[in-house]
> 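Below is a structure I'd like to ask you about.
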Amino acid sequence: MDHRLCQHADYQRVYKTSRKQFGKQIAYFHVLRGVPVAGREVARGPRVGLTVPKALGKAVDRNRIKRRLRECVRGALSLLTSDVDVILHPRRSVLTTEFAGLEREVAMIFRSVQAACDRTKNAANRAGSEVEPAQRVPAVQQP
RNA sequence: GCAGGCGGUCGGAUGGUCGCCGCCCGGUGGGCGCAAGCUACACCGGGGGGAGGAAAGUCCGAACUCCGCAGGGCAGUGUGCCGGAUAACGUCCGGGACGCGAGCGUCAAGGCUCGUGGACGGCCAGUGCAACAGAAAACAGACCGCCAGGUGGCCGCAAGGACACAAGGUAAGGGUGAAACGGUGGGGUAAGAGCCCACCGCGUUGGCAGUAAUGACAACGGCACGGUAAACCCCACACGGAGCAAGACCAAAUAGGCAGGGAGACAAUCGCUCCUCUUCAGGCGAUGUCACGUAGCGGCCCGUUACGGCAAGACGAAGGGAUGUGCGCGAGCACAAGUCGGAACCUGCGGGUAGGUUGCUGGAGCGCAUCAGUAAUGCUGCGCCUAGAGGAAUGACCGUCUAAAACAGAAUUCGGCUUACGGGCCGCCUGCACAA
RNA sequence: GCUGAUGUAGCUCAGUGGUAGAGCACUCCCUUGGUAAGGGAGAGGUCGAGAGUUCAAGCCUCUCCAUCAGCU
């Protein structure tokens, strides 16, 4: 299963339904993917997208940022277990910092994302057993 | 040897561990097929390939694709010494003239040699522009000046001297400017002046050399023809427009377009028929029966249940009445209410979106050699295949050379230009130092 | 990727090749008991950068830089 997030529509969904959170050198968005709609195939497993706008530098610098981050994501992907979409917004300092520090940061982000997913899933299960789910994320999951 | 300038060339190498994107081969599974086999899907194994000299800026030129197009002209845009190269070019090569720098030479200039630079046709077709300064800025003119002679008075014994005035002569000197109808030297003169002479510049003519640009030479002229065309313009030549997000093919859902079906029959009763009422003609509806369509259920042509076939869909004739508007003193007359649409559903067709496939890399290609050419380049032969993605592939870490490499990332493809760039190598020129 | 447009004072914009301007904003003065308005004076510009043409460039030509917009 592809762990990349590609479609423009997917990006829009993540941006709409989540709030920006900040790490030291990377800002990130994350959202749980909804229940599969009948007749529509939905990808399983975590997906990660990168956004590197033109303001971060010229083509060489942007490519380098993406490559370093992809390498970090490859190492830390096993930390994400649920069906979650994550978007990373790196800063310019990603170009120059030590690679080991970058790896630590990505791992930390993924751990916190996974923890947040577990929390919301448990809350949804408890609430969904009796009444209408009042939580924000499950409400959005309805098609 | 060092420093500087110009041109060319290379654009980190190598080893290890993980990882990314195409391609090829083999295997397994899936799918299709009676089979042989095929396969665009998934996985595994192996092999091989994977950014640039500028990939950049998008400044030119092409290929390719679509649109337009009888033919010709105007307008517009671009190019602009000559010859050659090329698919083409604003590019490249060679040559010429000109500018700049250095050296040699000269009293000085002209000149010679080397290097180097550039959008280098035409102001003897026409029109325009030139602030300020200056007397004067364009078929020239005279401010301060200079000048023999004339007139006037003054000084002086005289020779003559200085002054003023009018009419002239002159352009050497002063001064302004970016630019003032040739420059230097000599003669000449009242003062001057190509007025005359020598050299230079310029122009005209002539033949000579050269494919040509042009060059050198001779004779003559006697200075006229100032600058600006990256001012309008003239001359010569070239040019249709858009661009791979061009274009082609396949094509879901939803909405919408077009065509057809839906839009049948029978009997009686009760109704409707356009502001309203009455009558007539025609038409229509509801209820009923049968047939039909759609959906569900039952295994089925069949049965059964539900729904559907629409504003009671026509618009004609005669007469009476009400309302509104206009006209009319009024009686009254005229006009108006309101328009033409077809439903659910089914079938077919065409356009077309998401999405997919293609265009997509073998080409005006690269390397080597021979030959032609001063060269750019071309012919021939041999060898090579060298990214092709689609949110977009080359990375991370550790070694060694060696220290951390500079500018920087393909997106339809080529030929150029321009701009950015650490360092290495090669060639040419200049200067300095040392040695012979 | 392709195609266009624009850069002038702190801001918004003018500017036929001949000394760079307007409005708002800023500083000082007058006016007022004080403020605003009004009047007067003043400061503020590498005309995005660099070359070229020209006697002379904000303007003409070329090359760079930055910003904005359109095509999907």
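The figures here come from the full heavy-atom set of this structure, side chains too, leaving out hydrogens, waters and symmetry mates. Because the structure is predicted, anything quoted here is derived from the model rather than measured. Chain naming here is simple, since letters A, B, ... match the order of the sequence lines and numbering starts at 1 in each.
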> State, to 0.1 Å, how close R62(A) and V52(A) come at their nearest heavy-atom pair, and which atoms those are.
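Residues R62(A) and V52(A), closest heavy atoms: CD-O, 3.7 Å.
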> Anything under 3.5 Å between a donor and an acceptor, one on a side chain of residues 21-28 of chain A, the other on a protein residue two or more places apart or in another chain? List them.
{"residue": "Q21(A)", "atom": "OE1", "partner": "H30(A)", "partner atom": "NE2", "Å": "3.3"}
{"residue": "Q25(A)", "atom": "OE1", "partner": "S93(A)", "partner atom": "OG", "Å": "3.4"}
{"residue": "Q25(A)", "atom": "OE1", "partner": "T97(A)", "partner atom": "OG1", "Å": "3.1"}
{"residue": "Y28(A)", "atom": "OH", "partner": "S112(A)", "partner atom": "OG", "Å": "3.4"}

> Per the ring pair (Phe, Tyr, Trp, His ring centres under 6.0 Å) rule, what does the pair list look like for residues 55-103 of chain A, sequence neighbours excluded?
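Ring pair (Phe, Tyr, Trp, His ring centres under 6.0 Å) check on residues 55-103 of chain A returns Y15(A)-H89(A), F29(A)-H89(A).
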> With rounding to whole Å, what would you report as the distance between rG10(C) and rU19(C) at their P atoms?
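Comparing P positions in rG10(C) and rU19(C) gives a spacing of 23 Å.
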> Can you tell me, in whole Å, how much space there is between the C1' of rC132(B) and that of rG105(B)?
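The same atom, C1', in both gives a distance of 45 Å.
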> Which stems does RNA chain C form, counting runs of 3 or more consecutive Watson-Crick or G-U wobble pairs with both distances under 3.5 Å?
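RNA chain C forms these stems: C:1-7 with C:65-71, C:10-13 with C:21-24, C:26-30 with C:38-42, C:48-52 with C:60-64.
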> Which pair of non-hydrogen atoms, one from P90(A) and one from V94(A), has the smallest distance, and what is that distance?
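Where P90(A) meets V94(A) most closely, the heavy atoms are CB-CG2, 3.8 Å.
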> Answer syn or anti for rG53(B), where the cut-off is 90° from 0 on the glycosidic torsion.
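rG53(B): syn glycosidic orientation.
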> Could you tell me the separation between the CD atom of E71(A) and the P atom of rC20(B), rounded to a whole number of Å?
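Result: 10 Å.
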> Would you kindly give the CG-to-P distance between D85(A) and rG391(B), to the nearest whole Å?
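Value for this atom pair: 16 Å.
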> Syn or anti for rA376(B), with syn set at within 90° of 0?
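The base of rA376(B) is oriented anti (glycosidic angle more than 90° from 0).
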> Roughly how many Å is it from CZ in R64(A) to C1' in rU394(B), rounded to a whole number?
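For the pair R64(A) CZ and rU394(B) C1', the rounded distance is 12 Å.
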> How would you label the glycosidic angle of rG126(B): syn (within 90° of 0) or anti?
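That one's anti.
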> To the nearest Å, how far apart are N63(A) CG and rA55(B) C1'?
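About 12 Å, once rounded to whole Å.
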> Taking only the P atom of each, what is the distance from rA162(B) to rC143(B) in whole angstrom?
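Between the two P atoms, the distance is 24 Å.
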> Whole angstrom is fine here: how far is it from CG in L69(A) over to C1' in rG391(B)?
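Taking atom C1' of rG391(B) as the reference, CG of L69(A) is at 15 Å.
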> With rounding to the closest Å, how many angstrom separate the C1' atoms on rG52(B) and rG30(B)?
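It comes out at 45 Å once rounded to the nearest Å.
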> Need the glycosidic conformation of rG22(B): syn if within 90° of 0, anti if not. Which one?
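Base orientation: syn.
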> Work out which heavy atom in V106(A) is nearest to a heavy atom in A76(A); give both atom names and the distance.
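Closest pair (atom of V106(A), atom of A76(A), distance): CG1-CB, 4.1 Å.
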> Closest-nucleotide mapping onto RNA chain B: is K58(A) or E103(A) further toward the 5' terminus? I mean the 5' end.
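Taking each residue's closest nucleotide, the earlier one in sequence belongs to E103(A).
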> Please report the interatomic distance CD(E71(A)) to CZ(R74(A)), rounded to the nearest 0.5 Å.
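Atom-to-atom, E71(A):CD and R74(A):CZ are 4.0 Å apart.
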> Let's test this: given Watson-Crick or G-U wobble pairing with both distances under 3.5 Å, identify the partner of rC335(B).
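Its partner is rG324(B).
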> Any side-chain heavy atom of T51(A) sitting closer than 4.5 Å to one from I87(A)?
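The answer is yes; the side chains approach within 4.5 Å.
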> Who does rC89(B) pair with, Watson-Crick or G-U, both distances under 3.5 Å?
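Pair assignment: rC89(B) / none.
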> Using atom P in both nucleotides, what's the gap between rG1(C) and rA410(B) to the nearest angstrom?
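To the nearest whole Å, 7 Å.
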> Mind calculating the distance between CG (L88(A)) and P (rG391(B)) to the nearest angstrom?
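It works out to 18 Å between those atoms.
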> Atom CD1 of I65(A) to atom C1' of rA392(B): distance rounded to whole Å?
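In whole Å, rA392(B) C1' and I65(A) CD1 are 16 Å from each other.
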> Measuring from atom CZ of R111(A) to atom CG of L80(A), what distance do you get when rounded to the nearest 0.5 angstrom?
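Between atom CZ of R111(A) and atom CG of L80(A) there are 10.5 Å.
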> Taking for each residue the nucleotide of RNA chain B with the nearest heavy atom, is it K66(A) or F99(A) whose nucleotide lies nearer the 5' end?
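In this pair, the answer is K66(A).
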> Can you check the distance between rA49(C) and rC65(C), where both ends of the measurement are the P atom (answer in whole Å)?
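Approximately 15 Å lies between the P atom of rA49(C) and that of rC65(C).
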> Nearest to the side chain of V60(A), which nucleotide is it out of rA392(B), rA396(B), rA408(B)?
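Nearest to the side-chain atoms of V60(A), counting from C-beta on, is rA408(B).
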> Indicate the atoms forming the closest heavy-atom contact of L102(A) with R68(A), along with that distance.
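Result for this residue pair: CD2-CB, 4.2 Å.
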> Could you check how far CZ of R62(A) sits from P of rA55(B), rounded to whole Å?
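Atom CZ in R62(A) sits about 19 Å away from atom P in rA55(B).
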> Quantified in whole Å, what is the C1' atom distance between nucleotide rA57(C) and nucleotide rU176(B)?
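These two C1' atoms come out 25 Å apart once rounded.
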> Report yes or no: is there a donor-acceptor pair, N or O only, under 3.5 Å between the side chain of R67(A) and the base of rG19(B)?
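Looking at the base of rG19(B), it does not pair with any donor or acceptor on the side chain of R67(A) (distance under 3.5 Å).
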> Would rA133(B) be called syn or anti, given that syn covers angles within 90° of 0?
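Glycosidic conformation of rA133(B): anti.
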> Considering only atom C1', compute the distance from rG309(B) to rA286(B) and round it to an integer number of Å.
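Those two atoms are separated by 14 Å.
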